[in-house]
There are 2 protein chains.
Amino acid sequence: MRVEKVTSVDVAKLAGVSQSAVSRVFTPGASVSPKMAEKVLKAAQELGYRPNVLARSLITGRSRIIGLVVAYLENQFYPDALEKLSTALQAHGYHILVFMVSNDDDSVDKVMGELLDYQVDGIITASVGMSNALAARCAAVGVPVVLFNRGQDDERLNQVTSNNFEGGRKIAEFLVAGGHRKIAHIAGWSGSSTGRDREAGLRAGLKAAGIDVAVCIDGMYNRETASAAAREIFSAADRPDAVFVGNDHMAFAVMDVLRFELKLDVPGDVSVVGYDDVPLASWPAYDLTTLRQPSNRMVEATVSTLLGWIEEGSNDVQKIQIDGPLMIRGSARVPEGWPDERL
Amino acid sequence: MRVEKVTSVDVAKLAGVSQSAVSRVFTPGASVSPKMAEKVLKAAQELGYRPNVLARSLITGRSRIIGLVVAYLENQFYPDALEKLSTALQAHGYHILVFMVSNDDDSVDKVMGELLDYQVDGIITASVGMSNALAARCAAVGVPVVLFNRGQDDERLNQVTSNNFEGGRKIAEFLVAGGHRKIAHIAGWSGSSTGRDREAGLRAGLKAAGIDVAVCIDGMYNRETASAAAREIFSAADRPDAVFVGNDHMAFAVMDVLRFELKLDVPGDVSVVGYDDVPLASWPAYDLTTLRQPSNRMVEATVSTLLGWIEEGSNDVQKIQIDGPLMIRGSARVPEGWPDERL
DNA sequence: GAACTTTCTGCATACGTATGCAAACTGAAG
DNA sequence: CTTCAGTTTGCATACGTATGCAGAAAGTTC
């Protein structure tokens, strides 16, 4: 099974040159004469030689590995982001080492330790926060961190999110303009900045119209919790006629409960608005009105922030917020003459 | 930014012992006295020392990295598998390095080259095939490969799939028993074994009942292609009254077309059956009858095969097929007295 | 306490590559 | 042909860890 590896020394021997020469041929930007390059490449070709990235990392201190920490891939937003992140980083010669965690500090800390053991060049956490101790450790070993879709008050952590407060506010405006006065909120997890900010935005938007949230339950970014919340809120006789659900993933569950359990019409009886605009939201079965998180631009910002730190030695912490449009579809009543931002 | 790393030498110095001693303390199963261990661990703790996995790999020839090659994460089956694979491997001290590819040989070969550069201990491809040349190269460097959810006629490649032929056959039986005689097939990509086997199973099952497939179009595992196929097949006046769609991901698109474009009732006018049983299939909006690919057991088989090769030096190639039950839900007419396999 | 076995420790070296330095070479200018 | 600058090459060493070997220490038995 185990087979003898072919190393730069073997190539050097065959080509009749020094090992350093071989190394230089495979190092972009090094000083090599054309005939040397040719000789070496021919020998390398013949032996099937390829540089050992790990050995290289040991010397250069760069592994070209980015650690991605992610809690759950059930919500379509994350596989989508993962795919885009991976593709974007690959184009720059980096690759993603995936670490699954449950969303509690202990688990994150443990896993993050393993991550650092791999000498990763940078860390992206997708919708996962980290303890201060951990942030300090990453800073201490010089590994930049970007929180993707999660904010945290730590002046060492970069972060890229959509403008969650503004998004919540926009949704409030939209619902009010649609004539809704009794508006429920099944919130994103209150332990996350995204959940809190969206809720705060909603409240601010409603307040501006002199309205208060009719009822608010924490949906924990979880289908079951959100379903239960929907049952509770919409079984009552004086039920609200609109609900903003903290993300699309929960909104689908809520719509299912409304339609198939409570036999309510969406949007006839209840308007439903989500947050994220995952691909599924545009499928006709749900046709969900939702605030789009521009994952392309979020990924772009994440990658360029990370590479800035890694390759250009940048060290100013970025707290990037990206605005997204409200995607108007069929799950919520559309106010007369409401402008379609997507155009 | 760059910070001085703490190495085993530093720890050794502080603890007043040799570097080897430090190494041994961090190597499970090495011979160390209790007081030595205590001294070293104390010093390590104080300095925040953790072994450098890369340097260790260089010596041991084991990176504890598994390369995962995957084409697209849009189909919910794959993020789900990725999550489970990652969690399972993590439990064994391995981690997943993700490589996204488009599904053509060139792209796969290029990416797989990079993969080998990382000295991965093993490779899993999710629904991606590989060229013979590549299989040879992996074999040559002693890196085991497991094809997850994809078969290929190569005696060097392990593979784990569901029993696709039998699944297709089961579905044929089910539809026939339901009284359907005019049965369409929107097939999985004919360039993949899964697509071909499911189709062959369907045809065999129908043939046993003296029926031929009414119409068959390759859906390419793609939503748009499948939608177009559904439009074509079900716009005709003498349309079929049942369709087996090659996977759930396409089946959702097909149901959307049937219901929302063609205003057909599912299952009243048309029975729809999918393949995979992704989480979304059980959500009330689709409530899709589908053949379950037991991803838990598939992941288990994949991991144990891989670890067998890596850790126990196994070298018998596994071609594992796992049977899955038909999940009976509301998208297809249920034959009288049909036994529910799920019980 | 001697003789022996067992457990532990340090020394030295190896893994595969990158890079500073000095020597060797190249070519142009005088 | 000499001189000099610029380019290319090889030598030696370093990165951080694991491990075979031999010697030291500890434990066992009589």
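Chain naming here is simple, since letters A, B, ... match the order of the sequence lines and numbering starts at 1 in each.
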Using a 4.0 Å heavy-atom cut-off across all strands, classify A/Ser31 as base, sugar-phosphate, or nothing.
-> base

Quick one: bend of the helix from C/dG1-D/dC30 to C/dG30-D/dC1 from 5 pairs per end, to 10°?
->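 The end-segment axes of the helix from C/dG1-D/dC30 to C/dG30-D/dC1 are tilted 30° relative to each other.
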
Are the side chains of [Y] and [X] in contact, using a 4.5 Å heavy-atom criterion?
| X | Y | value |
| --- | --- | --- |
| B/Val53 | A/Gln119 | no |
| A/Ser192 | A/Arg150 | yes |
| B/Lys319 | B/Asn158 | no |
| B/Leu157 | B/Met130 | yes |
| A/Leu85 | A/Leu306 | no |

Among residues 35-43 of chain A, which residues get a heavy atom nearer than 4.0 Å to DNA chain C?
-> none

Show me the donor-acceptor pairs within less than 3.5 Å that the side chains of residues 22-42 of chain B make with the rest of the protein, sequence neighbours left out.
{"unit_1": "B/Thr27", "atom_1": "OG1", "unit_2": "B/Ser23", "atom_2": "O", "d": "2.8"}
{"unit_1": "B/Ser33", "atom_1": "OG", "unit_2": "B/Met36", "atom_2": "N", "d": "3.3"}

Are more than 12 heavy atoms from other residues, nucleotides or ligands located less than 6.0 Å from atom CD of B/Glu155?
-> yes

Return the set of residues passing side-chain hydrogen bond (donor to acceptor under 3.5 Å, both in side chains) with B/Asp316 (not counting sequence neighbours), or none when no residue passes.
->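 With neighbours one apart ignored, the set is B/Ser314.
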
Okay, side chain of B/Arg62, backbone of B/Ile310: is any donor-acceptor separation there less than 3.5 Å?
->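 Here the side-chain-to-backbone pair exists.
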
Scan nucleotides 14-23 of chain C nucleotide by nucleotide, 5' to 3', and note B when protein non-hydrogen atoms come under 4.0 Å of the base, S if they reach only the sugar-phosphate, - if neither.
-> BBBBBBB---

N/O donor to acceptor pairs below 3.5 angstrom from side-chain atoms of residues 109-118 of chain B, sequence neighbours left out:
{"unit_1": "B/Asp109", "atom_1": "OD1", "unit_2": "B/Ser131", "atom_2": "OG", "d": "3.3"}
{"unit_1": "B/Asp109", "atom_1": "OD2", "unit_2": "B/Ser131", "atom_2": "OG", "d": "3.1"}
{"unit_1": "B/Glu114", "atom_1": "OE1", "unit_2": "A/His95", "atom_2": "NE2", "d": "2.7"}
{"unit_1": "B/Tyr118", "atom_1": "OH", "unit_2": "A/Arg64", "atom_2": "O", "d": "2.9"}

